[in-house]
Amino acid sequence: MYPSSKRDFVTLTLTDQDTGGYNNSKQWRRQSCWRKWKQLSRLQRSLLLFLFAMLLICGIVTYPRLSWSWRDIPAGAVDNDWDRRHGHGLKPALPGVMPGVVPGVIPAPQKENEGHILPEPPAERKLRSNKQSVPVLHSRQQSRGNVSGGQTKQEEQAMEEENGTEKRDKPLISWRGAMIETDQTTEPQPSAGQKPRDSAPQQAVSGLSVDQPEAVKEAFRHAWKGYREFAWGHDELKPISKSYAEWFGLGLTLIDALDTMCIMGLKEEFAEARKWVATELSFSRNVDVNLFETTIRILGGLLSTYHLTGDDLFLNKAKDVGSRLMPAFSTPSKVPYSDVNIGKGLAHPPRWTSDSTVAEVTSIQLEFRELSRLTQNPQYQKAVEEVMKIVHRLDGKHDGLVPLFINTNSGQFTHLGVFTLGARADSYYEYLLKQWIQGGKKEKELLEDYLQAVEGVKKNLLRKTSPRGLTFVGELSHGRFSPKMDHLVCFLPGTLALGTHNGLPSDHMELATQLMETCYQMYAQMETGLSPEIAYFNLQPRSGRDVDVKSADRHNLLRPETVESLFYMYRFTRDQKYRDWGWEIFQSFNKHTRVPSGGYTSISNVRDPVDPNPRDKMESFFLGETLKYFYLLFSDNQDLISLDKYVFNTEAHPLPIWPSDP
Ligand code: DMJ
């Protein structure tokens with residue numbers, strides 16, 4: 001009847017409705033606190049509020065540091081290799097593709113050996129002396145001051161190193177160090193008397209005597225473990241979310257990795273993968289695939305596995321996918337469309353243009369030519385060689401350098417005036433030389449085009465950095481030079497060296513040597529020891545920096561090109577420094593991209609060793625190329641895929657050099 005605020009207050013704060021006395025219920029405590037708060041003086045309340053505000057601010061400031069581990073990919077960052085190379089910003093839409101995070105299917109382990117021939121694991125040296133520890137050129141530590149934009153971090157790191165407290169070596173709450181340890185306990189333990197299946201990563205990276213090929217095999221097994229558990233039969237592993245990404249829905253990683261397993265002698269893994277190919281892989285699917293990517297990864301992978309095993313399964317699958325790709329060549333100009341629906345047999349260009357990418361239409365030849373040779377059906381070879389003939393006679397080149405696009409209706413180059421050895425042109429140059437080698441060095445036009453292009457590079461695209469004088473390959477856009485170099489360009493030292501090995505001018509090898517050093521420096525000068533996707537080189541005489549990286553280009557997709565070139569350079573020169581550089585890079589991959597539960601991830605920031613910002617994607621070429629080239633670089637068996645017998649396609653699948661006519 002006479003409600004008063006006082007009465008209401010007492011009722012609300014003191015009365016326990018059930019017992020009438022104290023209890024420890026949440027409600028009672030809340031009410032009691034409120035009463036105490038009200039009893040405080042204004043000054044006391046202000047003081048407490050101030051303290052609370054300070055705590056809040058501290059929390060906000062420190063939160064990003066604590067939550068650095070698995071952040072989302074920054075919006076706008078280039079998402080994957082396909083986007084980078086094709087530049088369309090969209091992937092082919094796939095019917096039935098499952099978006100987001102979906103658990104992978106884990107197959108029952110297959111015990112039986114399928115009984116197919118695999119090469120014996122090569123005999124490797126068991127112990128290596130500590131030869132690999134001192135790089136000849138500027139090490140990352142030496143070079144840090146030379147990289148732009150990281151002064152504070154450099155100083156911080158220098159201090160940490162001086163004090164022997166470098167962050168990344170501590171047992172931190174770190175997704176690298178700590179989780180690598182966790183991971184070790186999850187690996188199967190070898191039973192007594194059994195050779196350990198997996199050597200610990202720490203042994204592999206820090207021991208004085210390291211079996212380097214074995215360390216690479218361990219890395220492969222680790223990557224395979226993630227793929228097998230979380231992405232089996234799908235295109236790509238997303239190792240952090242423990243799921244998968246689908247691109248064509250054709251088991252891209254599994255097929256790309258087949259010949260790597262053969263080369264490494266991983267019989268059990270191979271047998272299980274073979275079973276999947278035999279029972280699950282079907283190309284009769286209503287799905288759009290990219291002609292180039294499917295050719296280099298799937299057709300190339302199946303053909304090379306056929307050659308390494310002699311198993312007809314792989315040849316039959318290669319024939320199947322090869323013939324399903326053929327509709328791409330049914331264009332007015334015979335320059336193929338970029339996309340084919342392999343189920344419907346319909347090809348088409350991307351929705352927004354009738355252009356194809358020059359590198360794509362000129363980097364499918366090794367595979368289709370080999371398919372013709374094996375099947376004795378000339379249609380494949382004829383189709384791809386027609387493209388080479390068209391490109392050979394086209395106007396619009398600049399000293400042998402090609403533009404980036406070609407129209408499928410007119411058969412003419414489009415978007416003239418831009419020249420690069422990077423994305424959209426790179427493997428055109430690689431395949432000129434490699435087709436010439438594959439065919440027994442008889443096809444003169446290929447050689448002419450290659451030699452002219454190398455001269456074109458020398459004349460138009462080469463510059464030296466300041467202050468160190470690193471030679472790099474820049475880009476030309478309508479007469480204007482840009483000191484920009486894609487990591488993709490790092491295939492070039494290896495290709496130039498391969499040319500010299502096959503009798504081409506020795507100055508190609510000199511250029512290869514210089515560019516190899518630059519590609520190594522693209523790794524060594526980064527704080528993570530991993531190269532960015534794109535580097536900009538300094539040409540100004542007074543500046544102290546050779547390599548600059550724009551923030552949008554700081555990602556590393558686990559690409560192979562530098563390791564690939566190191567492999568060629570070592571094979572041809574036996575210069576230990578190339579192995580040393582490779583070993584440094586391998587360690588950096590292990591340190592910054594290895595995901596404990598299995599797999600490796602691309603990262604978004606090679607400039608930040610504390611938070612490289614993982615992108616949750618293991619590209620198929622990491623198993624198909626990067627680890628394969630590492631293994632071959634460190635293997636003492638120089639006959640393992642002899643470069644006088646095989647030519648690697650642009651996805652690192654070795655195809656035989658054709659025997660010369662009797
Ligand atoms: C691979 O698919 C091939 O090496 C291709 O030629 C370039 N892009 C990736 C690796 O970076």
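Read the numbers this way: they start at 1 and go in the same order the structure lists the ligands and their atoms.
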Give the atoms of ligand 1, by number and element, whose distance to some non-hydrogen atom of Phe621 is under 4.0 Å. 1 (C), 2 (O), 9 (C), 10 (C)

Is the centre of the Phe314 ring less than 6.0 Å from the centre of the His307 ring? no

For the aromatic rings, using the six-membered ring if either is Trp, is the centroid distance between Trp583 and Phe634 under 6.0 Å? yes

Leu488: numbered ligand 1 atoms lying under 4.0 Å from its heavy atoms: 7 (C), 8 (N), 11 (O)

Which atoms of ligand 1 sit under 4.0 Å from any heavy atom of Ile296? 2 (O)

Between Arg559 and ligand 1, is there a nitrogen or oxygen pair with a distance under 3.5 Å? yes

Applying ring-ring contact (aromatic ring centres under 6.0 Å, His included) between Tyr629 and each of Tyr578, Phe567, Tyr570, Phe491, report the one that passes. Phe567

Check: Thr650 N/O within less than 3.5 Å of ligand 1 N/O: yes

Is the contact between Leu557 and ligand 1 made by the side chain, the backbone, both, or neither, using heavy atoms and a 4.0 Å cut-off? neither

Apply side-chain contact (heavy atoms from CB on, under 4.5 Å) to residues Glu475 and Val418 and explain how you reach the verdict. CA-CA 8 Å; Glu475 299 187 352; Val418 178; 5.6 Å; no

Listed by chain and number, what are the side-chain hydrogen bond (donor to acceptor under 3.5 Å, both in side chains) partners of Asn407, not counting sequence neighbours? Ser354, Asp355

At under 4.0 Å between heavy atoms, what of Pro560 touches ligand 1? The answer is side chain

Apply side-chain hydrogen bond (donor to acceptor under 3.5 Å, both in side chains) to Glu430 and list each qualifying residue two or more places apart in sequence or on a separate chain. Lys434, Thr650

On the six-membered ring of Tyr536, is Lys550 placed so that its NZ or CZ lies under 6.0 angstrom from the centre and within 45° of the ring axis? yes

Is the shortest distance from a heavy atom of Arg297 to ligand 1 less than 4.0 Å? yes

Is the closest N or O pair between Glu430 and ligand 1 shorter than 3.5 Å? no

Checking heavy atoms under 4.0 Å, the part of Glu561 that sits near ligand 1 is side chain

